[in-house]
Amino acid sequence: MPELPEVETIRQSLSKLIVGKKIQRIELRYPKIVKTDKEYFIQNLINQKIVSIERKGKHLFIVFDKDVLLIHLRMEGRFYLKEKRSIPSKHEHVIFYLTNDQILTYHDVRKFGTMHVYPKDSYQQIEPYQSIADEPWQQDPSVFFEKIHTKNTEIKGLLLDQRIISGLGNIYVDETLFHARIHPRRKGIDITKDEAKRLIESACYILEKAIQLGGTTIRTFEAMEGIHGRFQNELCVHTKKGQPCLICGHEIQKIKVKGRGTYVCPNCQT
DNA sequence: AACGAAACCTGCGCGC
DNA sequence: TGCGCGCAGGTTTCGT
């Protein structure tokens with residue numbers, strides 16, 4: 001999926017395109033995407049104006065007059081803004097008809113994405129919002145250290161846990177661990193206070209740079225139609241199996257950590 | 001508490 | 001060309 005920088009890129013693009021518009025009609029072609037009441041989803045957003053688009057971690061929030069639509073894109077969710085008359089593809093599962101002859105379509109080949117609708121005044125006290133941890137730049141390094149140093153599990157898994165720190169996914173975790181020179185298989189319990197601080201700093205550095213470059217485009221991900229990120233040019237380890245490490249020249253390895261493909265420089269990362 | 005595997009889905013590239 | 005397998009930027013659930 002889009003990780004934090006990709007979701008932020010989508011948020012920015014979408015803000016320019018749809019804030020101020022109203023919903024005229026909603027077509028829910030694959031109902032399982034919506035996890036709250038489906039009738040409420042289809043009926044209650046009609047005639048509400050889109051006030052703003054927000055983000056926390058990898059979640060996107062379309063804020064309406066009264067309600068908020070919470071969206072998680074998971075692996076392959078995307079939005080397209082199209083002409084009303086265009087023929088939807090079989091992967092466009094939700095269609096929002098806007099009051100200007102345009103449609104906003106939710107496209108998701110694997111159908112993993114989720115949507116929830118809640119009233120504006122309560123959504124922050126309810127799942128899934130409630131469990132989203134602070135983003136790297138909101139994290140206090142010593143609080144982060146306290147959260148991980150009791151855990152006898154691999155640091156990569158802890159960094160991927162959105163209840164501990166939000167925004168990192170498989171690509172940016174690998175890049176963060178490389179930047180912090182920490183091996184993904186190290187256990188939380190073995191991470192020192194100084195290393196915990198380094199991890200937070202590296203995550204901030206990597207994510208901020210990725211946001212500036214509009215995210216990472218590998219495989220087929222794009223923020224909106226035709227919008228491609230440029231961070232893939234900055235990747236140091238992810239997708240670099242067999243290539244020499246930029247720092248020491250040692251061959252980058254691909255290993256499996258917690259079931260995820262993981263790229264590591266076994267010389268720099270200890 | 002923590003692990004791996006499976007589940008949710010589909011498509012792509014690979015070797016045969 | 002076709003088939004089977006492994007893999008994919010996420011997360012939850014289930015069994016051990």
Are A:E8 and A:Q12 linked by a side-chain donor-acceptor pair shorter than 3.5 Å?
yes
Parallel, tilted or perpendicular: ring planes of A:H93 versus A:H91, cut at 30 and 60 degrees
perpendicular
Which listed nucleotide (B:dG11, B:dC9, C:dG10) is nearest to the side chain of A:N170?
C:dG10
A:E76 has an atom CD; how far is it from atom P of B:dC12, in whole Å?
10 Å
Please confirm whether the shortest side-chain N or O distance from A:K254 to OP1 or OP2 of C:dC7 is below 4.0 Å.
no
Output one line per pair: protein atom, nucleotide atom from nucleotides 1-3 of chain B, and distance, for all N/O pairs under 3.5 Å.
residue	atom	partner	partner atom	Å
B:dA2	OP1	A:N152	N	3.1
B:dC3	OP1	A:T153	OG1	2.7
B:dC3	OP2	A:T153	OG1	2.7
B:dC3	OP2	A:K258	NZ	2.6

Which class fits the ring pair A:Y129 and A:F61: parallel under 30°, tilted 30 to 60°, perpendicular over 60°?
tilted
Nearest-Å distance, CD1 (A:I171) to P (C:dA8)?
11 Å
Taking only side-chain N and O atoms of A:H91, does any of them lie within less than 4.0 angstrom of OP1 or OP2 on B:dT10?
no
Does OP1 or OP2 of C:dT11 have a side-chain N or O of A:Q162 closer than 4.0 Å?
yes
Please measure how far the P atom in B:dC9 lies from the corresponding atom in C:dC3, and state the result in whole Å.
24 Å
Of the listed nucleotides (C:dG10, B:dG11, B:dC8), which one gets closest to any side-chain atom of A:K32?
B:dC8
When we call it a touch if two heavy atoms are under 4.0 Å apart, what does A:G169 touch: a base, just sugar-phosphate, or nothing?
sugar-phosphate
Value in whole Å for how far the P atom of B:dC8 lies from NE2 of A:H93:
16 Å
Categorize A:K90 for me: base, sugar-phosphate, or nothing, with a 4.0 angstrom heavy-atom threshold over every strand shown.
sugar-phosphate
Assess whether ring-ring contact (aromatic ring centres under 6.0 Å, His included) is satisfied between A:Y40 and A:Y118, documenting all intermediate values.
CA-CA 9 Å; A:Y40 190 90; A:Y118 288 118; 8.8 Å; no
Nearest-Å distance, NZ (A:K35) to C1' (C:dT13)?
13 Å
Using Watson-Crick or G-U wobble geometry with both distances below 3.5 Å, tell me the partner of C:dC14, or none.
B:dG4
Look at all strands and tell whether A:F231 reaches a base, only sugar-phosphate, or nothing, counting heavy atoms closer than 4.0 Å.
nothing
What's the spacing between A:I95 CD1 and A:H107 NE2 if we round to 0.5 Å?
11.0 Å
Here the distance between atom C1' of C:dT11 and atom CE of A:M115, to the nearest Å, is 17 Å
Would you please indicate if the ring centroids of A:Y80 and A:Y106 are separated by under 6.0 Å?
no
Between CG of A:L159 and C1' of C:dT11 the distance, given in whole Å, is 16 Å
Taking atom types as modelled and ignoring hydrogens, do the side chains of A:T192 and A:D194 form a donor-acceptor contact shorter than 3.5 angstrom?
no
Figure out the CZ/C1' separation between A:R78 and C:dG10, and round it to whole Å.
15 Å
Can you tell me if A:F112 is stacked onto the base of B:dC8, using a 5.5 Å centroid cut-off and an angle below 30°?
yes
Do A:E27 and A:Y97 pair up side chain to side chain, a donor and an acceptor below 3.5 Å, judged on atom types alone?
yes
Residue-phosphate contact under 4.0 Å: A:R110 side-chain N/O, C:dG10 OP1/OP2:
no
Whole-Å C1' distance, B:dA5 and C:dG6
15 Å
Could you give the CZ-to-P distance, from A:R260 to B:dA5, as a whole number of Å?
15 Å
